[in-house]
Amino acid sequence: MHQSRKEQGLERSSNILLNPDRREARIIAEIDTNMEAAEEWEGKREPSRRAGFGE
(Lines give C-alpha, C1' and ligand atoms only; values in the text may rest on other atoms or scores of the structure.)
Protein backbone atom coordinates (compact mmCIF):
# COMPACT_ATOMS: atom_id res chain seq x y z
CA MET A 1 0.00 0.00 0.00
CA HIS A 2 1.26 3.49 -0.84
CA GLN A 3 1.57 6.34 1.61
CA SER A 4 -0.16 9.61 0.99
CA ARG A 5 1.94 12.73 0.44
CA LYS A 6 0.96 13.95 3.89
CA GLU A 7 2.15 10.69 5.49
CA GLN A 8 5.38 10.80 3.51
CA GLY A 9 6.00 14.38 4.61
CA LEU A 10 5.35 13.56 8.24
CA GLU A 11 7.67 10.55 8.10
CA ARG A 12 10.40 12.58 6.41
CA SER A 13 10.06 15.36 9.01
CA SER A 14 10.21 12.93 11.91
CA ASN A 15 13.34 11.29 10.47
CA ILE A 16 15.03 14.66 10.07
CA LEU A 17 14.17 15.64 13.65
CA LEU A 18 15.02 12.31 15.31
CA ASN A 19 18.31 11.47 13.59
CA PRO A 20 20.37 14.23 15.25
CA ASP A 21 19.10 13.11 18.68
CA ARG A 22 20.10 9.50 17.99
CA ARG A 23 23.49 10.61 16.68
CA GLU A 24 24.07 12.76 19.76
CA ALA A 25 23.07 9.93 22.11
CA ARG A 26 25.46 7.55 20.31
CA ILE A 27 28.33 10.06 20.55
CA ILE A 28 27.70 10.70 24.26
CA ALA A 29 27.63 6.97 24.98
CA GLU A 30 30.90 6.50 23.09
CA ILE A 31 32.57 9.38 24.97
CA ASP A 32 31.35 7.96 28.29
CA THR A 33 32.79 4.54 27.41
CA ASN A 34 36.10 6.09 26.37
CA MET A 35 36.28 8.06 29.64
CA GLU A 36 35.64 4.93 31.70
CA ALA A 37 38.32 3.03 29.77
CA ALA A 38 40.80 5.87 30.32
CA GLU A 39 40.05 5.93 34.05
CA GLU A 40 40.61 2.17 34.26
CA TRP A 41 43.87 2.52 32.33
CA GLU A 42 45.09 5.18 34.78
CA GLY A 43 43.99 3.10 37.75
CA LYS A 44 41.71 5.84 39.05
CA ARG A 45 38.38 4.11 38.72
CA GLU A 46 35.62 6.40 39.97
CA PRO A 47 32.00 5.33 40.33
CA SER A 48 30.07 5.48 37.11
CA ARG A 49 27.45 8.19 36.83
CA ARG A 50 24.90 5.54 35.88
CA ALA A 51 25.70 3.24 38.81
CA GLY A 52 23.65 5.08 41.43
CA PHE A 53 24.56 5.74 45.05
CA GLY A 54 25.29 2.28 46.44
CA GLU A 55 28.43 1.38 44.51
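Closest heavy-atom contact between S14 and E11: OG-O, 2.9 Å.
With rounding to the nearest 0.5 Å, the separation of CD in E39 from CD in E36 is 7.0 Å.
Among the candidates T33, I27, I28, the single residue satisfying the side chain to side chain contact (heavy atoms under 4.5 Å, CB included) test with I31 is I27.
Applying the 6.0 Å contact sphere to CD of E30 captures no more than 12 heavy atoms from other residues, nucleotides or ligands.
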